[in-house]
2 protein chains.
Amino acid sequence: MGVGMAKATKKKTAAGVHDHRRCVNRALSSAERACETQGKRLTPLRRRVLELIWDGHAPVKAYDLLRTLAQEHAGAAPATIYRALDFLQDAGLVHRINSQNAYLGCNASDHPHVGHFLLCTSCSNVVEFENDGLAALIDEQARAQGFHVDRQTVEVMGLCRSCQ
Amino acid sequence: MGVGMAKATKKKTAAGVHDHRRCVNRALSSAERACETQGKRLTPLRRRVLELIWDGHAPVKAYDLLRTLAQEHAGAAPATIYRALDFLQDAGLVHRINSQNAYLGCNASDHPHVGHFLLCTSCSNVVEFENDGLAALIDEQARAQGFHVDRQTVEVMGLCRSCQ
DNA sequence: AATGCAATGTTATATTGTAACATTCATAAC
DNA sequence: GTTATGAATGTTACAATATAACATTGCATT
């Protein structure tokens with residue numbers, strides 16, 4: 001199927017497909033390094049789940065992952081997915097988008113950072129952004145109220161450039 | 001039950017109870033005004049759900065509301081609660097805390113504002129805060145990436161002053 | 001080989017949220 | 001006052017998301 005598709009749409013999408021494939025591979029390599037560093041085990045199952053998450057451009061639902069995984073992995077059940085997701089989140093390889101009950105590969109697992117996202121309500125694409133000033137301002141505001149910050153999430157809903 | 005309790009703990013909590021009662025009443029009055037202004041109908045059912053939300057200090061789960069409501073309202077079903085919650089959110093009287101699947105009364109329904117929260121992971125209390133600079137910075141960051149913002153939510157997890 | 005712990009398998013169930021259609025209620029038009 | 005209308009609620013069923021609990025497997029160390 002992959003071959004036929006590739007031929008049929010070669011000129012227009014082949015490069016894009018390969019780019020994306022490269023991007024996924026880069027993410028997986030980076031994930032392996034990150035786990036090595038953290039002394040965590042990126043087992044084949046966990047690695048495969050991470051790969052499935054990266055396969056799409058938008059956040060993925062747990063049960064969509066499950067349906068896909070089940071086609072290639074007999075014992076797949078909800079716990080299978082949720083355990084993998086828990087591991088991947090702990091390892092900083094995946095973020096949960098709370099407003100969507102969905103999961104997104106993290107492209108910056110090599111350094112600590114907070115979860116700040118722009119969510120397009122039209123095309124469902126999500127981009128993670130980093131803004132140290134923003135993180136600092138949130139921290140400062142919290143401290144001013146005597147609050148000790150462990151974690152912060154920012155989810156911004158709206159329209160991406162191409163959907164406006 | 002209420003009377004016995006009140007007597008048993010009169011000195012220490014009676015004032016607090018009354019303060020909270022006053023606070024709830026203020027919120028309900030304010031909600032009535034807000035609906036009047038917006039041309040929306042705060043029916044007895046919706047008003048009661050809002051009151052139940054305000055009864056606790058922490059965000060409330062939909063099915064907890066349902067259990068409580070069901071004791072006094074025969075036809076209460078999930079849809080009953082979710083419809084009321086949808087209405088109250090549209091009217092700006094209630095916020096949803098995405099990271100907890102829980103709902104919180106809004107103390108500033110008289111003016112437009114964004115949903116910024118400090119969530120204590122120890123005592124479960126939540127405080128909403130307003131920081132125009134923060135909202136503006138988020139907006140600016142988004143615009144810089146060509147993103148048009150409709151709504152923003154900030155959820156900060158950590159420890160409140162008294163839980164540190 | 002024996003032990004122990006992490007990872008996964010397996011089954012069941014809890015929690016959260018919607019869909020779809022029927023009925024009731026308030027309001028305005030007649 | 002009746003009637004037409006749409007909003008609100010009642011009612012039943014089910015979908016979607018997530019966790020609990022215990023069994024089994026696999027891997028690393030002794």
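Because the structure is predicted, anything quoted here is derived from the model rather than measured. Naming convention: chains lettered A, B, ... in sequence-line order (proteins, then strands); numbering from 1 in each chain.
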*Asks:* Looking at Arg151(B), I'd like to know if its CZ atom is crowded, meaning that more than 12 non-hydrogen atoms belonging to other residues, nucleotides or ligands lie closer than 6.0 Å.
*Replies:* no

*Asks:* Rounded to the nearest angstrom, tell me the gap between atom CG in Leu66(A) and atom P in dT11(C).
*Replies:*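 Computing the Leu66(A):CG to dT11(C):P distance gives 14 Å.
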
*Asks:* Quick check for you: among dT9(D), dT12(D), dT10(C), whose closest atom lies nearest to any side-chain atom of Thr43(B)?
*Replies:* dT9(D)

*Asks:* Strictly below 4.0 Å: does His73(A) bring a side-chain N or O up to OP1 or OP2 of dG9(C)?
*Replies:*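 Yes, because at least one side-chain N or O of His73(A) sits under 4.0 Å from OP1 or OP2 of dG9(C).
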
*Asks:* If you pin Asp86(B) and Ala79(A) to their nearest nucleotides in DNA chain C, which one's is more 5'?
*Replies:*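 Mapping each residue to its closest nucleotide by heavy atoms, the 5'-most match is Ala79(A).
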
*Asks:* What is the distance, to the nearest angstrom, from the CZ atom on Phe87(B) to the P atom on dA7(D)?
*Replies:*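 In whole Å, dA7(D) P lies 13 Å from Phe87(B) CZ.
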
*Asks:* Compare the minimum distances between each of dG10(D), dT16(C), dA6(C) and the side chain of Arg41(A), then state the nucleotide with the smallest one.
*Replies:* dA6(C)

*Asks:* Look at atom CD of Glu36(B) and say whether more than 12 heavy atoms of other residues, nucleotides or ligands are closer to it than 6.0 Å.
*Replies:*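 Open: at most 12 neighbouring heavy atoms sit under 6.0 Å from CD of Glu36(B).
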
*Asks:* Answer with base, sugar-phosphate or nothing: what part of the nucleic acid does Arg46(A) contact at a heavy-atom distance below 4.0 Å?
*Replies:* sugar-phosphate

*Asks:* Please say which of His95(B), Glu130(B), Gln152(B) ends up in a side-chain hydrogen bond (donor to acceptor under 3.5 Å, both in side chains) with His116(B).
*Replies:*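 It is Gln152(B), the one option of His95(B), Glu130(B), Gln152(B) that forms the side-chain hydrogen bond (donor to acceptor under 3.5 Å, both in side chains) with His116(B).
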
*Asks:* Distance check needed: dT9(D) C1' versus Ile81(B) CD1, whole Å only.
*Replies:*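 Atom CD1 in Ile81(B) sits about 13 Å away from atom C1' in dT9(D).
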
*Asks:* Taking for each residue the nucleotide of DNA chain C with the nearest heavy atom, is it Pro78(B) or Pro78(A) whose nucleotide lies nearer the 5' end?
*Replies:*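 Result of the comparison: Pro78(A).
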
*Asks:* Tell me: NZ of Lys61(A) to P of dA16(D), nearest whole Å?
*Replies:*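 Lys61(A) atom NZ is separated from dA16(D) atom P by 10 Å.
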
*Asks:* Does a side-chain N-to-carboxylate-O contact under 4.0 Å join Arg21(B) and Glu51(B)?
*Replies:* yes

*Asks:* Distance check needed: dA7(D) C1' versus Leu45(B) CG, whole Å only.
*Replies:* 13 Å

*Asks:* Would you kindly give the OH-to-C1' distance between Tyr82(B) and dA19(C), to the nearest whole Å?
*Replies:*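 Spelled out: OH on Tyr82(B) to C1' on dA19(C) is 14 Å.
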
*Asks:* Using a strict cut-off of less than 4.0 Å between a Lys/Arg side-chain nitrogen and an Asp/Glu carboxylate oxygen, indicate whether Arg67(B) and Asp64(B) qualify as a salt bridge.
*Replies:*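 A salt bridge is present here (some side-chain N lies under 4.0 Å from a carboxylate O).
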
*Asks:* With the stacking rule set at 5.5 Å and 30°, tell me whether Tyr63(B) counts as stacking on dT16(C).
*Replies:*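 The base of dT16(C) is stacked with Tyr63(B) (centres under 5.5 Å, planes under 30°).
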
*Asks:* Given atom CG of Asn101(A) and atom C1' of dA15(D), what is their separation to the nearest angstrom?
*Replies:*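 The answer, rounded to whole Å, is 13 Å.
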
*Asks:* How many whole angstroms separate atom CG of Leu85(B) from atom P of dT18(C)?
*Replies:*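 Nearest whole value for this atom pair: 10 Å.
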
